[in-house]
K.L.:
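Have a look at the structure that comes next, please.
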Amino acid sequence: MNAQNDGPYGDGEIDRDNLFLDVTKQMLVGAGVAAAVVVIPGVFIFGLYLIGELLPPESKEAVDPTPDSFSSYQIEVTSEVV
């Protein structure tokens, strides 16, 4: 049995045009997914940047409204020598 007959195209003949179109389609879909993975977070980050630019300068210089919000994450370090 010829190895060409075992392919998904059945009769042993490979239609090079259809094969080229199938491979090209798969590559373009993969490139589209990769572009979406890169572009969507980039647009989100750029949107946050634009919102930050729209804020007045006073809001950027304001005192932190929750100065102790991270105090529960601080670990007290003692310097005891045993």
Side-chain angles (χ1 to χ4, degrees):
M1 184 176 251
N2 192 347
Q4 241 179 354
N5 290 335
D6 296 336
Y9 298 103
D11 60 357
E13 294 296 321
I14 295 177
D15 185 2
R16 295 180 69 81
D17 292 334
N18 281 341
L19 184 61
F20 176 77
L21 291 175
D22 288 344
V23 171
T24 303
K25 179 183 172 186
Q26 289 177 357
M27 287 193 304
L28 290 175
V29 168
V33 170
V37 166
V38 171
V39 169
I40 291 173
V43 168
F44 179 75
I45 292 169
F46 187 69
L48 290 177
Y49 168 76
L50 288 178
I51 291 171
E53 288 297 314
L54 293 174
L55 294 173
E58 296 82 25
S59 69
K60 297 175 186 177
E61 298 169 3
V63 179
D64 186 8
T66 57
D68 295 329
S69 61
F70 292 104
S71 64
S72 63
Y73 298 112
Q74 294 176 358
I75 299 173
E76 186 175 328
V77 178
T78 59
S79 58
E80 288 183 21
V81 178
V82 179

K.L.:
List in chain and number order the residues that pass side-chain contact (heavy atoms from CB on, under 4.5 Å) with P56, two or more places apart in sequence or in another chain; answer none if no residue qualifies.
P.N.:
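Only E58, S59 meet the side-chain contact (heavy atoms from CB on, under 4.5 Å) criterion with P56.
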K.L.:
How many angstroms lie between CG in D22 and CG in D17, if you round to the nearest 0.5 Å?
P.N.:
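If we round to the nearest 0.5 Å, D22:CG and D17:CG are 11.0 Å apart.
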K.L.:
Partners of Y49 by side-chain contact (heavy atoms from CB on, under 4.5 Å), sequence neighbours excluded?
P.N.:
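Testing Y49 for side-chain contact (heavy atoms from CB on, under 4.5 Å), a comparison that skips the adjacent residues, returns F46, E53.
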K.L.:
Under the side-chain contact (heavy atoms from CB on, under 4.5 Å) rule, collect the residues that match up with F20, sequence neighbours excluded.
P.N.:
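Counting only residues at least two positions away or on another chain, F20 forms a side-chain contact (heavy atoms from CB on, under 4.5 Å) with T24.
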K.L.:
Quick check: do L48 and F44 have side-chain heavy atoms less than 4.5 Å from each other?
P.N.:
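A side-chain contact exists here, since the closest heavy-atom pair is under 4.5 Å.
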K.L.:
Ignoring hydrogens, what is the shortest heavy-atom contact between P41 and A36? Give both atom names and the distance.
P.N.:
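Where P41 meets A36 most closely, the heavy atoms are CD-O, 3.9 Å.
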